[in-house]
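Here's the structure, in structure tokens; my notes come after.
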2 protein chains.
Amino acid sequence: MGKHSESPLPSRLKIARKTAGLSQEKLGIMAGLDESTASPRMNQYEKGVHAPDFRMVKTLSKILKVPTAYFYCEEDELAKIILTFKSKG
Amino acid sequence: MGKHSESPLPSRLKIARKTAGLSQEKLGIMAGLDESTASPRMNQYEKGVHAPDFRMVKTLSKILKVPTAYFYCEEDELAKIILTFKSKG
DNA sequence: TTACTAAGAAGGTCTTAGCCA
DNA sequence: TGGCTAAGACCTTCTTAGTAA
């Protein structure tokens, strides 16, 4: 267990990434990370070792097509509601 | 403008705090911060100078009675939906 | 190929000591 | 009283260099 395991971000990120059919490294590269750091950084986010800043979360939310609020939502029932939301962008 | 102004947290925190009728310092003390640091820390969060970690956001969400997802929600329309959500806790 | 980790480098937040409205 | 800020102390994340599944 990582030290940030109290945050819902790791598990929600994993679900959204798997739904998109991407590897940790591929997702990191798509988010603009260097090839040499994409894999460990995305892994650290997903394992809860480190927490990404909001700029990174915003980038990941665009790639994975989920609202930023999803990653920080503690309640599963509310998380489902958030996933049904489609912005007018 | 703070360096974290791309995050919705500062403005949403301000709204939730004002709705609860609390000063920045009072809210910080209620969240367990030392009296000597409560005021600058809460101000830095609200001005977007620094970002609180998730543990602090969780504590604030309980005091202010809003889901944690609210603080990270970019879309105003979705934010309203999140505020209507009541957990079964 | 994908997932994962330790440890030092790098960059962030927190505390202190105040001023401003 | 409440809101706010600079700057150094302190603590976190990011990069490197790999190993494990």
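Note on naming: letters A, B, ... go to the chains in the order of the sequence lines (proteins, then strands), and numbering restarts at 1 for each one. Values below: all heavy atoms of this structure, side chains included; hydrogens, waters and symmetry mates excluded.
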Calculate the interatomic distance between A/E35 atom CD and D/dC14 atom C1'; express it in whole Å.
17 Å
Donor-acceptor pair under 3.5 Å: do we get one between A/Q44's side chain and the base of D/dT12?
no
B/R17 has its side chain closest, among D/dT13, D/dG3, C/dT13, to D/dG3
Taking the minimum atom-to-atom distance to the side chain of A/S39, which one of D/dT13, D/dG3, C/dC4 wins?
C/dC4
Selection from D/dT15, C/dT15, C/dA3 that lies nearest to any side-chain heavy atom of A/P40
D/dT15
C/dA3 C1' sits how many Å from A/K18 NZ, rounded?
9 Å
Give a yes/no answer on whether the side chain of A/S23 brings an N or O atom under 4.0 Å of OP1 or OP2 in C/dT1.
no
Residue-phosphate contact under 4.0 Å: B/Y45 side-chain N/O, C/dC14 OP1/OP2:
yes
Where the side chain of B/T37 is defined as all heavy atoms beyond and including C-beta, which of D/dG3, C/dT16, D/dC14 is the nearest nucleotide?
C/dT16
Return the minimal non-hydrogen interatomic distance between B/M56 and B/R41, and the atom names on each side.
CE-NH2, 4.0 Å
Just how far is it from atom SG of A/C73 to atom CD1 of A/I81, taken to the nearest 0.5 Å?
8.5 Å
Minimum heavy-atom separation for A/Y70 to A/A16, with atom names?
CE2-CB, 4.4 Å
Selection from C/dC4, C/dT15, D/dT15 that lies nearest to any side-chain heavy atom of A/Q24
C/dC4
Rounded to whole Å, please give me the gap between NZ in A/K14 and C1' in C/dA3.
9 Å
Return the nearest nucleotide to the side chain of B/R41; candidates are D/dC4, D/dT15, C/dC14.
C/dC14
In whole Å, I'd like the distance from the CE atom of B/M56 to the C1' atom of D/dT12.
15 Å
Rounded to the nearest 0.5 angstrom, the OG-CG distance for B/S39 and B/D34 is 12.0 Å
Check the distance between D/dT1's P and B/K26's NZ and give it to me in whole angstrom.
14 Å
In whole angstrom, what separates A/H50's NE2 from D/dT12's C1'?
8 Å
Spacing of B/F54 atom CZ relative to C/dT13 atom P, expressed in whole Å:
17 Å
Testing the basics here: between B/Y45 and B/L9, what is the closest heavy-atom pair and its distance to 0.1 Å?
O-CD2, 4.1 Å
Closest to the B/A51 side chain: C/dA3, C/dT13, D/dC14?
C/dT13
Calculate the interatomic distance between A/R55 atom CZ and D/dT13 atom C1'; express it in whole Å.
16 Å
